[in-house]
Chemist: 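Right, I'll just put the structure down here and ask away after.
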Amino acid sequence: MEIDPYANTPSFKGQRLQFSTDSPLVPSLIAANLPSSFDPATVYASRFQSKQILLENPVKESKYATTQKQKKARREKLQQRKETGVMGRNEAKRRSIWNLQKGAAKYHLFLPIHHLWLGYMAELFNLPSPPTDPSEPPTRVPSSAVIHQKLIKADYHGCIITVKDSKCTSLIGHTGIVVHETENTFKIVTIDDKFKVIPKRNVVFKFRIPIYALNLSQFTEMHASATNVTSAAESKSIPVLHPLDHVPSLEFELYGNQFRYRAADRATKKFKSKETIEFT
């Protein structure tokens, strides 16, 4: 005998229903609706006890409707990007936005971006002002744990990086200002005004951060020294110096194998501390 689950329950006109632990709702409801040929206790124990019961069958959206909603959301997002003037990575690559024009790869032109990056680092680590006495030791240096946590999420556009080690020996020693960082590469402008694309894979980089917040006069001195360094590099008369050689600074190493993320993705990613396996 089949039971209609959608049939109305018997009316209890003039009666007040009371349920307790001795007579719970579900067994009482089953006993009231089952025909006499069924045992309510057996049915309850085999089909309902300790099981989740859906009181209402939820409406399942069709696959076609879900696909249409996703397409509509993508169209609205694309239209919003067009209205706000936001350009995606594929379109920027197609238009060669990140490719430098011929003659624009000049080291001294990107040096002000490096100055901005140094100010960004000073604000990020709350670096103190330089002391009046140069021989005076630094009053406050950020702890290594704080520095590492912030450096791993920092932006490196404008940083002067040097290739310390690499499987490709021809890359070792390349130094320049980062003008564009992608997921797998650093694009730099070298001191001898050349545009280089350095891969992150199997490469160890190094860079410096001053222990003091530099002022405008020190930036001016750095700009003048960089101009002299550029001319010296072109003539190859004297060895090339780093702009931070005349100020106390901290040097860090960056392992490219563990740094293969875009700058925007790295800012929101949660990194786990793990041992670094050096390549051979």
Side-chain angles (χ1 to χ4, degrees), residues 74 77 81 86-100 104-105 107 110-111 113-125 142-210 242-244 249-280:
R74 286 197 295 267
K77 186 177 180 180
R81 289 171 67 95
V86 178
M87 186 181 300
R89 284 188 295 170
N90 294 334
E91 186 176 358
K93 185 177 181 180
R94 181 175 57 83
R95 296 188 180 186
S96 302
I97 298 297
W98 296 108
N99 294 340
L100 290 180
Y107 183 80
F110 292 94
L111 196 62
I113 300 179
H114 176 60
H115 299 165
L116 290 175
W117 185 81
L118 292 178
Y120 162 64
M121 287 289 108
E123 184 178 352
L124 183 64
F125 297 113
S143 64
S144 59
V146 174
I147 290 179
H148 293 162
Q149 288 295 327
K150 291 186 177 181
L151 282 179
I152 203 170
K153 296 175 179 281
D155 194 314
Y156 287 86
H157 290 90
C159 173
I160 295 180
I161 62 173
T162 301
V163 178
K164 181 181 179 181
D165 195 9
S166 174
K167 273 191 173 182
C168 181
T169 56
S170 61
L171 295 176
I172 299 176
H174 280 71
T175 302
I177 301 176
V178 177
V179 297
H180 186 211
E181 179 189 358
T182 64
E183 183 176 355
N184 296 302
T185 62
F186 279 117
K187 298 180 181 180
I188 64 174
V189 173
T190 61
I191 296 178
D192 53 350
D193 297 338
K194 291 183 179 179
F195 181 74
K196 299 285 185 180
V197 180
I198 309 296
K200 295 180 181 179
R201 185 178 181 183
N202 298 332
V203 177
V204 179
F205 303 92
K206 65 178 181 180
F207 62 96
R208 296 185 187 179
I209 296 177
H242 195 281
L244 294 178
S249 59
L250 300 174
E251 185 173 286
F252 299 91
E253 291 183 357
L254 188 65
Y255 288 82
N257 286 339
Q258 281 74 39
F259 215 70
R260 294 167 64 184
Y261 302 95
R262 295 190 306 125
D265 297 338
R266 199 173 60 245
T268 57
K269 181 177 177 60
K270 292 184 179 180
F271 291 89
K272 296 181 180 179
S273 58
K274 56 183 178 180
E275 295 182 1
T276 298
I277 302 176
E278 296 185 5
F279 51 86
T280 56

Chemist: Taking all atoms of both residues into account, what is the closest heavy-atom pair of K187 and T182, and its distance?
Modeler: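 Looking at all heavy atoms of both residues, the shortest contact is CE-CG2, 4.3 Å.
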
Chemist: Can you name the residues that form a side chain to side chain contact (heavy atoms under 4.5 Å, CB included) with K196, not counting sequence neighbours?
Modeler: H174, I188, T190, K194, I198

Chemist: Taking C-beta and beyond as the side chain, do I152 and Y261 meet within less than 4.5 Å on heavy atoms?
Modeler: no

Chemist: Are the ring centres of F205 and Y255 closer than 6.0 Å?
Modeler: no

Chemist: Could you tell me whether the side chain of V203 reaches within less than 4.5 Å of the side chain of V163, counting heavy atoms only?
Modeler: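 Yes - at least one pair of side-chain heavy atoms lies under 4.5 Å apart.
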
Chemist: Is it possible for you to check whether K200 lies under 6.0 Å from the centre of the six-membered ring of F186, through NZ or CZ, and within 45° of that ring's axis?
Modeler: yes

Chemist: Please confirm whether the backbone N or O of L151 pairs with a side-chain atom of Y156, one donor and one acceptor, at under 3.5 Å?
Modeler: yes

Chemist: What are the two closest non-hydrogen atoms of I113 and H157, and how far apart are they?
Modeler: CG2-O, 4.3 Å

Chemist: Is it the case that more than 12 heavy atoms not belonging to Q149 sit under 6.0 Å from its CD atom?
Modeler: no

Chemist: Can you name the residues that form a salt bridge (charged side-chain N to carboxylate O under 4.0 Å, His left out) with R201, not counting sequence neighbours?
Modeler: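 In terms of salt bridge (charged side-chain N to carboxylate O under 4.0 Å, His left out), with neighbours along the sequence ignored, R201 is linked to no residue.
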
Chemist: In this structure, is the centre-to-centre distance between the rings of Y120 and F125 below 6.0 Å?
Modeler: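 Between F125 and Y120, the centre distance exceeds or equals 6.0 Å.
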
Chemist: Tell me, do F195 and D193 make a side-chain contact under 4.5 Å, heavy atoms counted?
Modeler: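 No. Closest side-chain heavy atoms not under 4.5 Å.
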
Chemist: How close do R208 and W117 get, counting heavy atoms only, and between which atoms?
Modeler: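 Scanning both residues completely, I find the closest heavy atoms to be O-CZ3, 3.8 Å.
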
Chemist: Is the shortest side-chain heavy-atom distance between I161 and T175 below 4.5 Å?
Modeler: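 Not touching, per the 4.5 Å side-chain cut-off.
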
Chemist: What is the minimum heavy-atom distance between F207 and C159, and which atoms define it?
Modeler: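 Heavy atoms only, the tightest pair is CB-SG, 3.6 Å.
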
Chemist: What distance do I209 atom CD1 and L124 atom CG have between them, rounded to the nearest 0.5 Å?
Modeler: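 Reported to 0.5 Å precision, the distance equals 8.0 Å.
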
Chemist: Compare every heavy atom of M121 with every heavy atom of A154, then report the nearest pair and how far apart it is.
Modeler: CB-CE, 3.9 Å

Chemist: Going by an N to O cut-off under 4.0 Å, is there a salt bridge joining R262 and E183?
Modeler: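 Salt bridge: no.
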
Chemist: Please check if the side chain of N202 supplies one atom and the backbone of K167 the other of a donor-acceptor pair under 3.5 Å.
Modeler: no

Chemist: Using side-chain heavy atoms (C-beta onward) and a distance below 4.5 Å, is F259 in contact with E181?
Modeler: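 Heavy-atom side-chain distance check passes, below 4.5 Å.
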
Chemist: Would you name the heavy atoms of L171 and S166 that are closest together and state the gap between them?
Modeler: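 Looks like CD1-OG, 3.9 Å.
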
